[in-house]
A.B. asks: 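If you scroll down you'll find the structure; I have some questions about it.
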Amino acid sequence: MNNSAYEPVIGLEVHVQLKTKSKMFCGCSTEFTLDPNVNICPVCTGQPGVLPVANRKAIELNLKTALALNCGINRHSIFARKNYFYPDLPKNYQITQYEVPFGYDGFLEIDIERESPEAAAKAKKTIRIKRVHQEEDTGKLLHALGSRKLDYSLVDFNRSGVPLLEIVSEPDIANPDEAHAYLSALKSVLQYIEVSDCDMEKGSLRCDANVSIRKRGETELGTKTEIKNMNSFKSVRDALDYEIRRQVEVVGNGGKIVQETRLWDDKANITGSMRSKEQAHDYRYFPEPDLPPFEFDENLIDAIKKDIPELPEKLKQRLVEECQLSQYDAEVLTKEKPLARYFETALASMNPRTPNSPKLLANWINTELLGKLNSENKNVEQSPVSPENLGELVKLIETGAISGKIAKTVFADMMSTGRAPAAIIKEKGLVQISDENELKNVINDVIKENQKAADEYRAGKKQALGSLVGAVMKKTSGKANPQVVNKLLQEVLSEPAV
Ligand code: ADP
Ligand code: MG
Ligand code: ZN
């Protein structure tokens, strides 16, 4: 793509299901269930004569999101009707926002790899956010696919009216990797502020990708297509990759891009035309007459601002600065809130803490713990090892009570039993031997049994020490403190031979 005469321009529209107990305009439960049409009422099935009542919690979560994404808040706002017919939309219109979204003009910072000499060096890029607005979800159609005789669809209205947030970016995204980074940063923020589960597979986060191409250096935007139906961040990246290549080819062959909606086919790895895209005026937007306008006062906005926790980007920088973690470790630890919490709880339980404690802990979490959890298909919230217990284990390594090697044995036990390290160490007699007198006895035995290596060392062959240290470790079943053994061996061997 880089040496192509064309460059892509991408803007993403992300829909997020808000974590509320009830729907946007009625009291029906939002709980997911496979039984169709159980969480429904006259309002969310669009019966005549009913009136919507806005869900306060949903609007607060919307404002929280908008503020976390650095948006301005329209103090005076309204809902709008977007009119269109589709079988999953029982009212034949969707209540959404049009001219006056709750949030506008925000931004999100993403990490990108710049094509610089130091290609690996991460850099930041700001993606502007155009709007964060409130709307309601549609129902779900279930198509009886694959059989001509069963040529019908079923509709489930459980999802109809579930609060949805739409987060629209400006066309600031320059390639599919940046789109991926944007989604990942966005998801991270949404999870930190606890407004949504953001589970793309379950549909609580959905992304429509808008993409166009233009000649490099040109400032005007080309005609865009909109791609739908991606169910992972990876498929968003793949779909954009494909669509950009397709557009370059069309234009390269003298053709024109048609403004349309295209569907990503995850199996075939292609996008196909679904419908030509409606223009805004096709929807006949007008202010929703059944809902009053909203006025947000400063007290409400301030209260919501106070409720926003430290966001991942900030926390990451703090871990780098205060704990001297590497950018990489800090990034892994802060991407998901439960893991960040795990780290902080574990660190807090390491008492007393040394300047090296956070690094050692980060290492253990990112390699041993995550490695083991991944292999067992578990997330950190399902970890059998509590953060306090891991903190204790790392502390035991730090103080030299157990060796790193023994720690791995203890950790394996902790993973399968969930027990505290002290109990395991006591039961298995794994405490590290650092007592010099005790170790000297072992060392004397080892020298007797390995006269050749001892003589070689005395004759100046320094490498011979390794095998002697190994022999001591073996004799103590790995419990000897290797540093002390090293020191003592050198002392003993520099004494005149007996
Ligand atoms: P529509 O009315 O078609 O939904 P919007 O102006 O609301 O268009 O923009 C929808 C999304 O498409 C936004 O994320 C925006 O950044 C992006 N977008 C708009 N124009 C272009 C373009 N020419 N190329 C790529 N993305 C675009
Ligand atoms: Mg739009
Ligand atoms: Zn309802």
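These values consider heavy atoms only, across backbone and side chains, with no hydrogens, waters or symmetry-generated copies. Each ligand, and each atom within it, is numbered from 1 in the order the structure gives.
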A.B. asks: Spell out the protein N/O/S atoms under 2.8 Å from the Zn ion (ligand 3) as residue plus atom name.
C.D. replies: Cys26 SG, Cys28 SG, Cys41 SG, Cys44 SG

A.B. asks: Under 4.0 Å, heavy-atom basis, I'd like to know which part of Val168 is in contact with ligand 1: side chain, backbone, both or neither.
C.D. replies: side chain

A.B. asks: Verify, without hydrogens or angle tests, whether Arg237 (side chain) and Lys234 (backbone) share a donor-acceptor contact under 3.5 angstrom.
C.D. replies: no

A.B. asks: Check for me whether Lys130 has a heavy atom closer than 4.0 Å to any atom of ligand 1.
C.D. replies: yes

A.B. asks: Any chance the side chains of Glu331 and Gln327 put a donor and an acceptor closer than 3.5 Å?
C.D. replies: no

A.B. asks: Compute the shortest N/O to N/O distance between Pro171 and ligand 1 and return yes if it is under 3.5 Å, no if not.
C.D. replies: yes

A.B. asks: Would you say the ring centroid of Phe79 lies under 6.0 angstrom from that of Tyr98?
C.D. replies: no

A.B. asks: Report yes or no: is the cationic atom of Lys82 (NZ for Lys, CZ for Arg) closer than 6.0 Å to the six-membered ring centre of Tyr285, at no more than 45° off its axis?
C.D. replies: no

A.B. asks: Give the contacting part of Thr223 toward ligand 1: side chain, backbone, both or neither, where contact means a heavy-atom distance below 4.0 Å.
C.D. replies: neither

A.B. asks: State the atoms of ligand 1, each with its element, that fall below the 4.0 Å cut-off from a heavy-atom position in Glu170.
C.D. replies: 16 (O)

A.B. asks: Could you point out which residue of Arg318, Lys124, Lys335 forms a salt bridge (Lys or Arg N to Asp or Glu O under 4.0 Å) with Glu313?
C.D. replies: Lys124

A.B. asks: At less than 4.0 angstrom from any non-hydrogen atom of Leu12, what atoms of ligand 1 do you find?
C.D. replies: 14 (O)

A.B. asks: Just go through Lys224, Gln259, Arg128 and tell me whose heavy atom is the nearest to atom 20 (N) of ligand 1.
C.D. replies: Lys224

A.B. asks: Is it the case that the side chain of Arg131 and the backbone of Gln97 share a donor-acceptor pair, with hydrogens and angles ignored and the cut-off at 3.5 Å?
C.D. replies: yes

A.B. asks: Is the count of non-hydrogen atoms from other residues, nucleotides or ligands lying under 6.0 Å from Gln382 atom CD greater than 12?
C.D. replies: yes

A.B. asks: Which pair of heavy atoms, one from Asn389 and one from Arg419, lies closest together, and at what distance?
C.D. replies: ND2-O, 3.7 Å

A.B. asks: Without swapping roles, check the side chain of Lys23 against the backbone of Asn39 for a donor-acceptor pair under 3.5 Å.
C.D. replies: yes

A.B. asks: I need the atoms of ligand 1 closer than 4.0 Å to a non-hydrogen atom of Gly11, numbered in the order shown.
C.D. replies: 14 (O), 16 (O), 17 (C), 26 (N)

A.B. asks: Could you tell me whether the side chain of Thr225 and the main chain of Gln259 form a donor-acceptor pair under 3.5 Å?
C.D. replies: no

